[in-house]
Amino acid sequence: MVLSTNASPGQFPYMVSLIRDKRHFCGCSIISANYVVTAAHCLTDSFDGRSYFVDTSPLFIRAGSVHLWGGGIIIAAAEHKIFPHYDGFRNDIAVVRLAQSLNFTDHIRPISLAESFPPHLSNVLVAGWGSLYENGPIPDILQYTSMSSVSHNVCKRVFKYAHKSLLCLLNQKDFPNGGCFGDSGGPAAYNGSLVGVVSLVTCGDLSPDIFVNIVYYAKWIRTNTDLND
């Protein structure tokens with residue numbers, strides 16, 4: 001996370017780290033005691049120009065800690081579901097079922113799915129353990145920053161592949177902040193609800209960061225988790 005601030009313990013209780021091959025790979029958000037939501041590309045590997053789904057067995061999450069390398073609890077993933085029309089960029093959304101239910105505390109708590117798109121030029125909080133700048137170090141303490149939402153019409157003007165399934169967030173004026181490598185899959189929150197999942201980051205350049213629009217995929221998320229139970 002570029003030009004960001006250290007998070008306080010419990011400030012983002014829904015934020016978890018997705019661990020692949022014994023290292024932090026992506027962010028996730030707790031949406032129930034049994035499920036987290038992340039980006040589909042966090043659960044795929046590319047080889048020879050093609051994408052392949054990874055096996056669930058080497059996947060874990062760390063929840064309940066602002067520290068990347070310790071604290072909280074580690075739970076294995078039981079299975080994951082990727083949006084069926086994910087093509088390597090579009091529909092970059094997935095849910096992961098945990099092998100063990102989370103016990104909610106002040107440091108482990110779900111975030112609700114947003115029911116509406118954030119208003120134009122609203123402040124949206126983005127959090128993650130991604131690099132502090134392009135090719136820079138990964139922090140031990142969870143980082144967060146505030147970015148500006150823009151309407152879909154503005155998004156189309158600044159990002160040629162914009163679609164209503166996407167959310168564009170701009171860095172602050174004269175303050176090139178935003179997501180970087182390792183922040184993928186993490187949350188964008190507005191008024192305490194999940195509005196986006198990090199999909200494409202720019203490490204603080206003048207291009208918008210691209211997020212999956214949670215409102216667009218809320219029905220699929222609810223159908224493929226226990227949120228409808």
Euclidean distance, Ile61 CD1 relative to Ile73 CD1, rounded to 0.5 Å: 6.5 Å
Minimum heavy-atom separation for Met15 to Pro187, with atom names? SD-CD, 3.2 Å
Does Asn171 use its side chain to pair, donor to acceptor, with the backbone of Gly178 at less than 3.5 Å? no
State whether the side chain of Asp226 and the backbone N or O of Asp229 hold a donor-acceptor pair below 3.5 Å, judged by distance alone. no
Below 4.5 Å, heavy atoms only, C-beta onward: do Ser207 and Phe159 meet side chain to side chain? no
Give a yes or no on whether Met1 and Tyr190 share a hydrophobic cluster (residues Ile, Leu, Val, Met, Phe, Trp, Tyr; joining criterion: side-chain heavy atoms under 4.5 Å apart). yes
What distance separates Ile111 CD1 from Ile30 CD1, expressed to the nearest 0.5 Å? 10.0 Å
Distance, nearest 0.5 Å, that separates OG of Ser199 from CZ of Arg90: 12.0 Å
Check for me, please, whether Ile210 and Met147 land in the same ILVMFWY cluster - side-chain distances under 4.5 Å, paths through other members count. no
Quick one, Val195 and Phe117 - any side-chain contact, counting heavy atoms below 4.5 Å? no
Within residues 107-122 or reaching into it, pairs that qualify as side chain to side chain donor-acceptor pair (under 3.5 Å) - sequence neighbours excluded: Ser112-Ser193
Donor-acceptor check, side chain of His41 to backbone of Asp92, threshold 3.5 angstrom: yes or no? no
Value for CG (Leu18) from CZ (Phe60), rounded to nearest 0.5 Å, stands at 11.0 Å
Indicate yes or no: at least one non-hydrogen side-chain atom of Asn123 is less than 4.5 angstrom from one of Gln172. yes
How about CG on Asn228, more than 12 heavy atoms from neighbouring residues, nucleotides or ligands closer than 6.0 Å, or not? yes
Using modelled atom types and a 3.5 Å cut-off, is there a donor and acceptor pairing between side-chain atoms of Asp183 and backbone atoms of Ala127? no
Interatomic distance, CG@Leu227 vs CD1@Ile221, rounded to 0.5 Å, equals 8.0 Å
Which heavy atom of Ser65 sits nearest to which heavy atom of Gly70, and what is that distance? OG-O, 2.8 Å
Among pairs that include at least one residue of residues 127-151, which meet salt bridge (charged side-chain N to carboxylate O under 4.0 Å, His left out), considering only residues two or more places apart or in two chains? none
Between His152 and Ala162, which heavy-atom pair has the shortest distance, and what is it? CE1-C, 4.2 Å
Any pair with a residue in residues 3-30 that passes salt bridge (charged side-chain N to carboxylate O under 4.0 Å, His left out), sequence neighbours left out, goes on the list, sorted by first then second residue, please. Arg20-Asp45
List for me each residue that meets salt bridge (Lys or Arg N to Asp or Glu O under 4.0 Å) alongside Arg157, sequence neighbours excluded, and say none if there are none. none
same_hphob_cluster(Leu125, Val37) at 4.5 Å side-chain heavy-atom cutoff: yes
Are any side-chain N or O atoms of Ser17 and backbone N or O atoms of Gly27, one a donor and one an acceptor, separated by less than 3.5 Å? no
Does the pair Leu166 and Asn213 meet the rule for a side-chain contact (heavy atoms from CB on, under 4.5 Å), with working shown? CA-CA 5 Å; Leu166 300 176; Asn213 178 8; 5.7 Å; no
Side chains of Leu68 and Leu142: does their closest heavy-atom pair fall under 4.5 Å? no
Is it true that Ile75 and Phe104 fall in one hydrophobic cluster, defined by side-chain heavy atoms closer than 4.5 Å? yes
Neighbour count >12 (heavy atoms, 6.0 Å) for atom CZ, Phe89: yes
Kindly say whether Tyr35 contributes a backbone atom to a donor-acceptor pair with the side chain of Ser32 at under 3.5 angstrom? yes
side-chain hydrogen bond (donor to acceptor under 3.5 Å, both in side chains) against Ser165, all qualifying residues, sequence neighbours excluded: His163
Exercise: do Tyr217 and Asn91 side chains pair donor with acceptor under 3.5 Å: yes
Kindly give the heavy-atom pair with the smallest separation between Val2 and Gly204, and that separation in Å. CG2-N, 4.2 Å
Reported NE2-to-OG1 distance for the pair His80 and Thr38, which is rounded to 0.5 angstrom: 11.0 Å
Sub-4.5 Å side-chain heavy-atom contact between Pro139 and Asn6: no
What residues, two or more places apart in sequence or in another chain, satisfy side-chain hydrogen bond (donor to acceptor under 3.5 Å, both in side chains) together with Ser101? Asn34
Please report the shortest heavy-atom distance between Tyr14 and Pro110, naming the atom on each side. CB-C, 4.1 Å
hydrophobic_cluster_shared for Phe83 and Val197, side chain cutoff 4.5 Å: yes
Would you say Trp129's side chain and Val66's backbone share a donor-acceptor pair under 3.5 angstrom? yes
Please tell me if the side chains of Val96 and Leu43 come closer than 4.5 Å, counting only heavy atoms from C-beta onward. yes
For the pair Cys155/Cys168, is the SG to SG distance below 2.5 Å? yes
Is a side-chain donor or acceptor of Arg62 paired with a backbone partner of Gly71 at a separation under 3.5 angstrom? yes
Please give me the minimum heavy-atom distance between Gly186 and Ser29, naming the atom from each residue. C-OG, 4.5 Å
For the backbone of Gly179 and the side chain of Asp209, can you confirm whether one donor and one acceptor N or O come within less than 3.5 Å of each other? yes
